[in-house]
Amino acid sequence: MSPPAQPGVPGGRGSKVPPARKLLCMCSLSLCLTYLCYSLMGGTGPGALRSPAALPGTAAPRSPAALPGTAAPRSPAALPGTAAPRSPAALPGTAAPRSPAALPGTAAPRSPASPPGSSAAPTRASNGSREGAAGAWLRTPLAPGEVITAQSGAFERDPQESSTTDEELSRAGSPAGRGGGSTTPDYGEKRLPQALIIGVKKGGTRALLEAIRAHPDVRAVGTEPHFFDRNYEKGLEWYRNVMPKTLDGQITMEKTPSYFVTNEAPRRIHCMAKDTKLIVVVRNPVTRAISDYTQTLSKKPEIPTFEVLAFKNRTLGLIDASWSAIRIGIYALHLENWLQYFPLSQILFVSGERLITDPAGEMAKVQDFLGLKRIVTEKHFYFNKTKGFPCLKKPEDSSAPRCLGKSKGRTHPKIDPDVIHRLRKFYKPFNVMFYQMTGQDFQWEQEESDK
């Protein structure tokens, strides 16, 4: 038998709940029910239902590979009907690329961590994807642990820097920043590029881009997106949005010269579209190296002389191939990397020297390669004696010629002739190899003997 209720003790039989407390409980219950109903109906207030990943204390949803009973996504080489890319050693008639230390007359490359004050910690790209399966294909995320770098470890980042900024890239989709030489109408569709100018730095890529933009069937972004070397983690949708709008039948293009020397670029471009057409503007590697140094010197007057940077040991005559200004000019070494993914028929090599002496002739080759009608002809060019190279003009009117900016055509510093002679000897076997690989003789040795 339960004890009798004790007056004034809450919970006892016969005890009465104060009216105020009863009213408070009823109000609280009513408020909770209203709050729950509002949440279930999709309210946008603080009580709206959030996805599981957004709830505090919960873990992010697992990727498909982490779900029980599912397999990890296969790499492109594992897809039915496709073959794994061959290494350079597997290409007929080619040898595996040698490390810089194995190049004749060169010393071992300097470690990226060696410059004072530099950090060797790489930036790891994020693999997370929140767009679902469709978004995963659009983003083409990096493999786990893949590192984003502007170029391989043997390259110094600074000489590969361009003047393109994130703000310029964000403006690339505006009428002022896209399209051909004239105003681009604000209609059409943004597409991934079908052709790329992939190199080389200080070879004449800007001159080529400006000339091809004069063609009415070409739309090219003026800035350098650096998607396949620095911005790959942003995904293909970001890349597409940087491109100008085009109509059916028009070609979308972009140019980023550092792609040619970026180890990851060929595979990434092949994953985007294996039929992409590639254009490489090459120039006498000795002249190109001096031009590269001249550009860096204009920004950093305190850097050592060209002679100091070019040698690992000048007394022994050891060229420092780890210096990017030298290494970029070893074209055969970089081309081996591209031939793992693209046939030679998809790569056009443009002579930087002939772009100056015969711009219409080189542009005829470019237009044929892109499947375009030859519209950009000699009528579009005017040779500027002050700058020493052709300027672009419109043949239809009397407007003044449009020349490249002050950063083009800089006067080169005087270089010790002995250094130039040693560089010519260093590059000669690589030039010959490059001629054999491309089937073209650029006559750089003949050009030097004429001087």
Side-chain angles (χ1 to χ4, degrees), residues 85 87-88 94 96-103 106 108-112 115 122 146-164 196-206 208-209 224-232 254-270 276 278-293 295-296 309-310 319-342 344 346-350 352 423 426-427 430-431 433-434 437-438 442:
S87 65
T94 63
R98 291 173 290 178
S99 64
L103 300 175
T106 66
R110 290 176 288 187
S111 167
E146 188 168 3
V147 175
I148 294 291
T149 56
Q151 50 270 334
S152 65
F155 289 87
E156 297 171 7
R157 180 179 177 86
D158 181 70
Q160 283 295 317
E161 292 288 356
S162 72
S163 58
T164 302
L196 300 171
I197 301 174
I198 60 174
V200 297
K201 181 186 179 186
K202 306 308 295 180
T205 58
R206 173 57 63 178
L208 175 61
L209 179 71
E224 296 176 4
H226 283 278
F227 175 67
F228 295 104
D229 58 353
R230 301 180 196 167
N231 295 308
Y232 193 64
E254 70 109 326
K255 77 106 175 172
T256 302
S258 54
Y259 289 163
F260 189 63
V261 298
T262 300
N263 287 341
E264 300 87 353
R267 176 182 59 80
R268 291 171 175 175
I269 294 173
H270 188 270
T276 303
L278 309 171
I279 301 176
V280 187
V281 187
V282 289
R283 182 183 183 186
N284 186 319
V286 177
T287 310
R288 197 222 66 82
I290 298 172
S291 180
D292 196 338
Y293 171 79
Q295 175 174 292
T296 306
L309 294 171
I319 301 294
D320 190 356
S322 68
W323 182 31
S324 65
I326 299 294
R327 189 170 175 82
I328 289 173
I330 310 175
Y331 304 136
L333 185 69
H334 306 300
L335 181 57
E336 282 185 336
N337 191 26
W338 289 89
L339 292 179
Q340 295 180 56
Y341 296 89
F342 295 94
L344 202 58
Q346 274 179 240
I347 308 175
L348 176 68
F349 299 93
V350 176
L423 281 175
F426 167 76
Y427 279 122
F430 297 111
N431 291 344
M433 189 185 304
F434 184 64
M437 294 172 73
T438 61
F442 291 90

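Note: hydrogens, waters and symmetry copies are ignored here, and every other heavy atom, side chains too, is used.
Ile198 contributes atom CD1, which lies 4.5 Å from atom CG of Leu278 (distance to the nearest 0.5 angstrom). With rounding to the nearest 0.5 Å, the separation of NZ in Lys202 from CD1 in Ile328 is 11.0 Å. Rounded to the nearest 0.5 Å, atoms CZ (Phe442) and CG (Asn431) are 10.0 Å apart.
Between Ala325 and Ala289, the shortest heavy-atom contact is O-CB, 3.3 Å. The minimum heavy-atom distance linking Ile326 with Ala310 is given by the pair CD1-CB, 4.4 Å. Pro225 approaches Asn231 most closely through the heavy-atom pair O-ND2, 2.9 Å. Nearest heavy atoms, Gly329 versus Pro285: O-CB, 3.6 Å. Taking all atoms of both residues into account, the shortest heavy-atom contact from Arg288 to Ser324 is NH2-O, 4.0 Å. Contact between Ala321 and Arg327 at its shortest, heavy atoms only, is O-CB, 3.0 Å.
Under the 6.0 Å cut-off for aromatic ring centres, Phe434 and Phe349 qualify, their centroids lying closer than that.
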Practice prompt. Take Leu309 and Asp320 through the side chain to side chain contact (heavy atoms under 4.5 Å, CB included) test and state the conclusion after the steps.
Written response: CA-CA 7 Å; Leu309 294 171; Asp320 190 356; over 6 Å; no

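Counting heavy atoms from C-beta outward, Leu344 and Leu339 have side chains that approach closer than 4.5 Å. Taking the side chain as every heavy atom from C-beta outward, Thr438 and Tyr331 never approach each other to under 4.5 Å. The closest side-chain heavy-atom distance from Ile279 to Lys255 is not below 4.5 Å. Counting heavy atoms from C-beta on, the side chains of Leu335 and Ile347 come closer than 4.5 Å. Annotation: side chain of Val200 is not in contact with side chain of His334 (no heavy-atom distance under 4.5 Å). Residues Thr262 and Phe228 fail the side-chain proximity criterion, which asks for heavy atoms closer than 4.5 Å. Contact of the Glu224 side chain with the Glu254 side chain is not registered, since no non-hydrogen atoms from C-beta on lie closer than 4.5 Å. Side-chain contact check for Ile330 versus Tyr427: some heavy-atom pair is nearer than 4.5 Å.
A donor-acceptor contact under 3.5 angstrom links the side chains of His226 and Asp229, judged on distance only. Side-chain contact check for Gln346 and Tyr341: no donor-acceptor pair (N or O, by modelled atom type) lies under 3.5 Å.
With hydrogens and angles ignored, the 3.5 Å screen pairs no side-chain donor or acceptor of Arg283 with any backbone N or O of Gly204.
Ring orientation note: the planes of Phe342 and His270 are nearly perpendicular, at an angle over 60° on the 30°/60° scale. Relative ring orientation between Phe260 and Trp338 is described as parallel, the plane-to-plane angle staying below 30° on a 0-90° scale split at 30° and 60°.
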